Amino acid sequence: MTVGDTDFGLQVGIGFVGRVVMAVFAFAGSIVLGRILGPDGYGMFYFLMAIVLFAHNPINGWATACRKRLTESEFPSGEAIGATVLGIAVGTAITLMSAFLLSPIITRHTDNPDSWVYLTVLLVGIISFTASLQILKATKHFGTSTWVEAARDIVRVLLQGGLVIGGFGVAGMVGGITAANLLIVPMVFYLIGARPTVPSKESLLAIWEFARSSIPSGLVGIAQNRMDVLLLGFLVGTEVVGNYEIALKMTMPAMFVAGVAQSGLMGRISNLRSKGEPIVRDIQNNLNYASIIGIPLFFGALTMAEPLVVTIYSNKFAGAAPFLIGLALFRLLRTQKAILVATINGLDRPEINLRISIVVFSVNIGIGVTLLYIIGPLGIVVATIMSELLAYGIRAYYVDSMMPNLSLITRPVYEQLASGVVMAIVVYTARQALPIRFWPMVIVVVGIGGLTYFAMLIIISKSFSTTIKSIITSLDYG
């Protein structure tokens, strides 16, 4: 069975639960680690991570190309996996040599003599984990890839927590995530279930044909994703990076559904097209419900940002509240854009995503630096929201031109937005009536908001209520 034959909804459901588990552990870890390290130490680690995620992209782009070819019914699967292993080996060798040669520059720019070692260790672990995970996402069990990430995050949080509590600081953060990455890689290859073989010259050329677009596209995409952190780290300081990262962690649930769907959608579209089967329905279903978590999260942040941040992370992170509102809106836009990115790649047009990414990245940099000096650090987030809206709009234009039968914004999305507005009104009223100074009251108000949102969806959304009834029925007869 290929990714085109599997029950896509089931795999998205499996992945969604995995993302919830992953988020719970990551969120709990961020609370403990953030409170111990404070904004400065926490920000220093994620500043290094931003550099690493930028540097590892060529190997990740190569692995994405291997994943794309693996989904094609006539491409030899063993050679696609072998090419991925080859990419990991080459990437590791280049990392070690580059870090040694660039160590004086790295040390000078970070004011930490150990930074080049941290970056080297981080990069080796990230390359190994993310490249192997790309291949798992191309199999019929792509939903389990999220559980693999959840397992990695559980190990990471436990190791980082132990090392940071033990007094190792940022070094403990680096060691914890690297050990977790390397420990999980063998599990990933076991789940893939196919043995790597030496790729032929023809296979490598076929992979490169896709990789020559996916590598620069991913490079620009990662740069855009982490440009906020890089700009804040270089131009403002790591304390602001710490506030930004806390807000980013709190908005993570917005991508639960969209992230899992995106990870399997490219492969599914590619596989179905290679067999001449229709693809519009799969894309439509994903667009309908990609934002079902992102919408209430944005409205919740709009009404509860400061009490949430201060109650959970302490007054040291009070500066994260404005970032939380902005990043929640950014995540909401990204839930829809993610499906369009996967659709374009699945249609074998990665060069379109590359061109769009380059334009959006340039706009983001220009507006971000300008607004940083005009309105301060929050200007970086405003620029990111504007560029994300632009990225969505351009991709929507291309997808609509290639697939005129596809509806980009549908009734379910409007119903979710209406439910979110009602939820925001209820939450704001509850916040005025209740003293939001302690954990129990925060949980009560958040719970009221969640119940309001989903109750409204059941009332006004026929498709959502039908889905809920089907789930309940299947449980009754299970």
Side-chain angles (χ1 to χ4, degrees), residues 3 8-9 11-13 15-16 18-20 22-23 53 57 60-61 64 67-68 71 130 133-134 137-138 142-143 145-146 149 214 217-218 220-226 228 248 251-270 279-280 282-298 327-347 349-350 352-354 356-357 360-361 364 384-385 387-400 402-403 406-410 412-413 416-417:
V3 67
F8 196 82
Q11 290 300 313
V12 170
F16 173 80
R19 280 187 178 256
V20 171
M22 179 171 59
L53 290 174
N57 181 78
N60 193 54
T64 299
R67 166 187 163 193
K68 172 64 174 67
T71 65
T130 57
L133 197 67
Q134 287 285 1
K137 290 178 180 179
F142 71 86
S145 64
T146 306
E149 292 182 89
S214 67
S217 179
V220 175
I222 286 291
Q224 185 181 350
N225 289 344
R226 304 309 291 163
D228 290 11
L248 197 65
T251 59
M252 189 192 328
M255 292 297 295
F256 280 177
V257 176
V260 177
Q262 181 188 19
S263 69
L265 187 59
M266 182 194 79
R268 185 172 179 87
I269 293 171
S270 175
I279 59 175
V280 172
D282 285 284
I283 301 170
Q284 191 69 74
N285 288 338
N286 281 282
L287 286 171
N288 288 348
Y289 292 101
S291 305
I292 195 167
I293 304 298
I295 287 172
L297 194 146
F298 166 66
L327 290 175
L329 178 56
F330 159 74
R331 294 274 204 189
L332 173 55
L333 294 170
R334 174 146 293 193
T335 57
Q336 290 292 310
K337 190 201 79 173
I339 305 302
L340 302 185
V341 171
T343 298
I344 293 171
N345 280 337
L347 294 171
R349 299 296 305 274
I352 292 178
N353 277 326
L354 172 59
I356 296 172
S357 295
V360 172
F361 175 65
N364 192 16
T384 297
I385 294 170
S387 64
E388 193 70 8
L389 186 59
L390 177 64
Y392 169 80
I394 299 174
R395 286 185 172 89
Y397 169 79
Y398 275 105
V399 171
D400 185 59
M402 291 186 289
M403 306 182 69
L406 183 69
S407 298
L408 295 178
I409 301 180
T410 58
V413 176
Q416 292 158 31
L417 286 170

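What you see is a predicted model; the values in this text were computed from it and never measured. For this chain, numbers begin at 1 and follow the sequence in order.
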Roughly how far, to the nearest 0.5 Å, is the [atom2] atom of [Y] from the [atom1] atom of [X]?
X	Y	atom1	atom2	value
Thr335	Ile293	OG1	CD1	10.5 Å
Ser357	Ile394	OG	CD1	9.5 Å
Arg226	Leu53	CZ	CG	6.0 Å
Ile339	Tyr392	CD1	OH	11.0 Å
Ile385	Leu329	CD1	CG	4.5 Å

For the student: nearest non-hydrogen atoms of [X] and [Y], plus distance:
X	Y	answer
Thr343	Met403	CG2-SD, 4.1 Å
Gly294	Ala254	CA-CB, 3.6 Å
Ala258	Ala290	CB-O, 3.7 Å

Can you find a pair of side-chain heavy atoms, one from [X] and one from [Y], that are under 4.5 Å apart?
X	Y	result
Leu332	Leu297	no
Ile269	Ile283	yes
Leu347	Ile279	yes
Leu408	Leu340	yes

Spell out, as yes or no, whether a donor-acceptor pair under 3.5 Å connects the side chain of [X] to the backbone of [Y].
X	Y	result
Glu388	Thr384	no
Asn353	Val341	yes
Arg331	Phe298	no
Gln284	Leu406	no

- Query: What's the verdict on side-chain contact (heavy atoms from CB on, under 4.5 Å) for Val413 and Leu287, showing C-alpha distance, side-chain angles and the deciding distance?
  - Reply: CA-CA 8 Å; Val413 176; Leu287 286 171; over 6 Å; no
- Would you sort out whether Met402 and Ile344 count as a side-chain contact (heavy atoms from CB on, under 4.5 Å), showing the intermediate values? CA-CA 9 Å; Met402 291 186 289; Ile344 293 171; 4.2 Å; yes
- Query: Run the side-chain contact (heavy atoms from CB on, under 4.5 Å) check on Tyr398 and Ile352 step by step: do they pass?
  - Reply: CA-CA 8 Å; Tyr398 275 105; Ile352 292 178; 3.8 Å; yes
